[in-house]
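The chain is numbered in sequence order, starting from 1.
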Amino acid sequence: MGTFLLVTLAGAEASAQAPPPSAKARQAAVAYANQGWTAYRARRYRDALQAFRRAEATVHAPTFLIMVARSCHKLGRLTEARSVYQVIVDEQLPADASQAFRQAQAEARTELEAVSSRIPTVEITVTGAGSGGAQVALGGLDVPLSTPVARDPGSHTLAVGAPGRRGLTKEIVLKEGMRAKVEVDLAAGKVRIESDRTGRGAGGEPQPLGPGQVAADGSAQEGGGPLGPGQGAADGSAQEGGDAADGRPGPRSTAVVFTGLAATAAGTGLGVAFVLLSNGKASAQQRLLEPACTDPARCPGLDLREYNDLGHAKADLANAAVWSFLAAGAAGLGTAAYVLLTGQPDARDATATGLSVIPMPGGLGLSKRW
C-alpha cells in the first residue's frame, strides 16, 4: 500500500497550486495513511480519523480525504462526513490528475448522495404566550425557529426558554433519515414531536477504500483500488464482532451492570428478611416473660434455655441483616463506580465529551449521558 501511495501522490504535485511536497512529506503522509488504514480495518475509527487527517494535513490528496469522510461516517458523524465529501466533489482536478484521485472523487460523489439522505433534520416551533422572544438550543447550539436544521443521529438535548417563563428541556432522539417536527407549547409546558420517517435513509454504509473498484452504483467490483493492499473484499463490514466505536456498551459491560444490580437487590432483600426474622425472634422471646417479670433469671416458671436460644437466634439474624445490607451497599457502589468509569459518551455527537452545558434563561443546564 505504501508503494502504491507513493505513486499516486506524484499526482499531488500537478494538482497543487503551492510548491510540490517534498519526498520527506510524502513519506510521512504514507506512514500516517498506513496507520489510518490499519486502524480502519480494526474498526478503531477514531484512531483512523486522526491518522488520515494527519496524512491530509501533510500532503493533500482526495484519497486521504475520502477516508476522513468514511471514518466520520462510521462514527455516526454524518454532517461532518457530508462536508468532507462535498469538499472532494467540489475540487477541480487538473487534466493530468492521477486515476486514483479521479476515482476517489467519483466515489465521493456517490457516497455524498447516500450519506445526505441519512442525515436527520428537525424543525422546531414554539407556541403559547411569550413565544415571541423564545430562545431555542439543540445540543447546546442555537437553532432558528420554523427552519429545518440537520443534526447527527442520536440523542440531543432541546432547551427552550422565554422571558418571564420557566425554562423547558427535553431529550430528543433522532434516527437516520428522520424528518422531525417539534412543537413546544410554552404555556402548557409540553413538547410534541412528529416525524415522517423512523428508520434509516436510503443508501447503505459507504465502502472503505480497499482493493475493490467501486462502480457508479457504489457496488464493489474486482480489481485494484486507490489504497488497496490486496486484502479480501472491500466492504469492510463483514468482519466478525461488534463495532466498539459506536459508543454503546458491549455484552460484557451490560452483564456486569445487571449482575451488580441483581446483587444489590438480593442483598437488600435478604437484609430485610433477616430483620423481619430477628424481630420475630425478639417478639417470641418477649412473650415468654410474664408481664410483671423484668429479670429473666428471677421469673418463676420461665424456660431459661428456650429464652436464651431465642436471644442467640435474634442476635445471629440481626448480624446477618447487617452483613446483607453491607454487601448490598458494596455491590451498589461498585456498580455505580463501574458505570462512571466505563461510561462512553455518545459517539454520534461530533464534540462528545459526555457532559453537555446548555444555556438557559437565568442560568445553565448540565446533563451527562452514557
Side-chain angles (χ1 to χ4, degrees), residues 8-9 11-12 14-18 29 32-33 36 40 45-46 48-95 97-123 138-139 141 143-144 147-154 156 174 176-179 197 200-210 213-219 225-227 234 236 347-352:
T8 60
L9 282 177
S15 62
Q17 297 296 329
Y32 287 135
Y40 191 95
Y45 300 122
R46 293 185 185 279
L49 176 60
Q50 184 178 19
F52 284 121
R53 277 179 170 165
R54 287 179 175 176
E56 167 63 20
T58 304
V59 176
H60 167 66
T63 47
F64 295 156
L65 271 181
I66 197 169
M67 292 308 297
V68 170
R70 287 167 174 169
S71 299
C72 290
H73 196 166
K74 289 291 188 179
L75 290 169
R77 294 153 64 163
L78 304 187
T79 55
E80 187 176 355
R82 180 178 62 180
S83 298
V84 179
Y85 280 131
Q86 192 66 57
V87 170
I88 302 172
V89 170
D90 292 342
E91 183 175 356
Q92 296 294 325
L93 295 179
S98 67
Q99 178 60 30
F101 284 12
R102 295 188 181 280
Q103 180 176 336
Q105 191 174 62
E107 294 173 9
R109 187 174 292 107
T110 300
E111 295 171 18
L112 172 62
E113 182 179 353
V115 75
S116 296
S117 65
R118 299 173 64 183
I119 297 177
T121 62
V122 57
E123 180 179 344
L138 188 62
L141 301 175
V143 296
T147 303
V149 293
R151 287 292 186 270
D152 287 330
H156 302 267
L174 300 177
E176 291 187 2
M178 176 183 287
R179 303 294 177 259
R197 300 186 68 174
R200 288 190 174 188
E205 292 288 339
Q207 304 293 334
L209 200 54
Q213 295 281 358
V214 178
D217 61 353
S219 59
L227 284 180
R348 296 188 180 278
D349 186 353
T351 59

S.K.: Closest approach of R151 and T79, non-hydrogen atoms and distance?
M.R.: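 Scanning both residues, the minimum pair turns out to be C-CG2, 4.1 Å.
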
S.K.: Output yes when a side-chain donor or acceptor of S116 lies under 3.5 Å from a complementary backbone atom of E113, and no otherwise.
M.R.: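 Pair absent, no side-chain N/O of S116 close to backbone of E113.
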
S.K.: Show the nearest heavy-atom pair for residues T121 and R179, with the distance to one decimal.
M.R.: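 Scanning both residues completely, I find the closest heavy atoms to be OG1-CD, 3.1 Å.
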
S.K.: Shortest non-hydrogen contact from S71 to F52?
M.R.: OG-CD1, 4.0 Å

S.K.: Can you tell me how far the CZ atom of R70 sits from the NZ atom of K74, to the nearest 0.5 Å?
M.R.: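 NZ of K74 is found 10.0 Å from CZ of R70.
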
S.K.: First locate atom NE2 of H60, then atom CZ of F101, and finally report the distance between them rounded to the nearest 0.5 Å.
M.R.: 7.0 Å

S.K.: For the residue pair C72 and R53, what are the closest heavy atoms and their distance?
M.R.: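 Shortest heavy-atom contact: SG-NH2, 4.3 Å.
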
S.K.: Sub-3.5 Å donor-acceptor pair from the side chain of E111 to the main-chain atoms of Y85, do we have one?
M.R.: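 Not confirmed, E111 side chain does not pair with Y85 backbone.
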
S.K.: Can you see which heavy atom on I66 is nearest to which on A108, and at what distance?
M.R.: CD1-N, 3.7 Å

S.K.: Looking at Q86 and L112, what are the two nearest heavy atoms and their distance?
M.R.: OE1-CD2, 3.2 Å

S.K.: Say you draw a straight line from CG of D90 to CD of Q105; how long is it, rounded to the nearest 0.5 Å?
M.R.: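 Between D90 CG and Q105 CD, I get 8.5 Å after rounding to 0.5 Å.
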
S.K.: Tell me, do T63 and S98 make a side-chain contact under 4.5 Å, heavy atoms counted?
M.R.: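 No; the side chains remain at least 4.5 Å from each other.
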
S.K.: Check for a donor-acceptor pair, side chain of E56 on one end and backbone N or O of A61 on the other, with a separation under 3.5 Å.
M.R.: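 A pair under 3.5 Å: yes.
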
S.K.: Determine, using ring centers only, whether Y40 and Y45 are less than 6.0 Å apart.
M.R.: yes

